[in-house]
A.B. asks: 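Quick one: this structure, given as structure tokens, is what I'll be asking you about.
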Amino acid sequence: DVKVTQSSRYLVKRTGEKVFLECVQDMDHENMFWYRQDPGLGLRLIYFSYDVKMKEKGDIPEGYSVSREKKERFSLILESASTNQTSMYLCASSLLVARGEQYFGPGTRLTVT
Amino acid sequence: GENVEQHPSTLSVQEGDSAVIKCTYSDSASNYFPWYKQELGKRPQLIIDIRSNVGEKKDQRIAVTLNKTAKHFSLHITETQPEDSAVYFCAASFGNEKLTFGTGTRLTIIP
């Protein structure tokens, strides 16, 4: 079974803090994604990566950056957390972008106070 | 970029009845249309997908139809059961581009 894990299920941070969310997959997938999920807005893509050290902006990249130093690990960074970044963050991975199943992690519920 | 609209946002059906969720997309070049199911407190999981060279695909009680001319696709669930209660997301993509998701439909099956 594909396993996608995320570093934390729940996280509480203060405004202005730098926040790291980590995602690890164990199936040698080339592609990895970061989404945020908000009620009524669905899943919105923040960033994705199709190879080590490669990254592409998604639909809502503002306020976020990413890092992919190893194939299995994809990190989402909030440089200076703000209250409007309070959300559920989901990581996903797949073999082929869009043409194959995306496997999701369990999510990290981030609260910024 | 691609825009996907999904309706309805909530849907309640009696157990045993059918449920239909509809999505429209904006980019006529989109050619891959998956559906994901997210049970309460769990991660989204792919339940069925369809590619643009096919008009309909069925998997047991679940079917998806695609109308390329009208740029819409639908999820049909027959003989609904309590375990079908979840949030369903449609999505669309073109080639190697990213998936664009709809806003989700919360389906509740009434026993």
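Chain letters run A, B, ... following the sequence lines, proteins first, then strands; residues in each count from 1. Quick note: numbers below take in every heavy atom, side chains included, and nothing from hydrogens, waters or symmetry partners.
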A.B. asks: Quick check on A:R9 against chain B: is it the side chain, the backbone, both or neither that has a heavy atom closer than 4.5 Å?
C.D. replies: side chain
A.B. asks: Taking CZ in A:R109 as the centre, count heavy atoms belonging to other residues, nucleotides or ligands within less than 6.0 Å. Is the count above 12?
C.D. replies: no
A.B. asks: Looking only at heavy atoms and a cut-off of under 4.5 Å, which of B:G41, B:A92, B:S9, B:P44 has the most pairs with chain A?
C.D. replies: B:P44
A.B. asks: Counting heavy atoms not belonging to B:E83, are there more than 12 under 6.0 Å from its CD?
C.D. replies: yes
A.B. asks: Tell me, yes or no, whether the heavy-atom count around A:K71 atom NZ, taken from other residues, nucleotides or ligands under 6.0 Å, exceeds 12.
C.D. replies: yes
A.B. asks: When you compare the side chain of B:L99 with that of A:Y35, does any pair of heavy atoms fall below 4.5 Å?
C.D. replies: yes
A.B. asks: So for B:Q6, is it side chain, backbone, both, or neither that comes closer than 4.5 Å to the heavy atoms of chain A?
C.D. replies: neither
A.B. asks: Can you find a side-chain donor-acceptor pair between A:E101 and B:Q45 that sits under 3.5 Å?
C.D. replies: no
A.B. asks: For residues A:L21 and A:F33: do they belong to one hydrophobic cluster (side chain heavy atoms under 4.5 Å, members Ile, Leu, Val, Met, Phe, Trp, Tyr)?
C.D. replies: no
A.B. asks: Looking at chain A, which one of B:V87, B:V4, B:T103, B:T100 has the largest number of heavy-atom pairs inside 4.5 Å, strictly under?
C.D. replies: B:T103
A.B. asks: At a 4.5 Å cut-off on heavy atoms, which part of A:Q37 comes close to chain B: side chain, backbone, both, or neither?
C.D. replies: side chain
A.B. asks: Within a reach of under 6.0 Å around CD of A:E79, are more than 12 heavy atoms found that belong to other residues, nucleotides or ligands?
C.D. replies: yes
A.B. asks: Examine whether an atom of A:L41 lies under 4.5 Å from a heavy atom of chain B, and if so say whether it belongs to the side chain, the backbone or both; otherwise answer neither.
C.D. replies: backbone
A.B. asks: Heavy atoms, side chains only, cut-off 4.5 Å: are A:Y103 and B:R43 in contact?
C.D. replies: no
A.B. asks: For atom CZ of B:R106, is the number of surrounding heavy atoms from other residues, nucleotides or ligands below 6.0 Å larger than 12?
C.D. replies: no
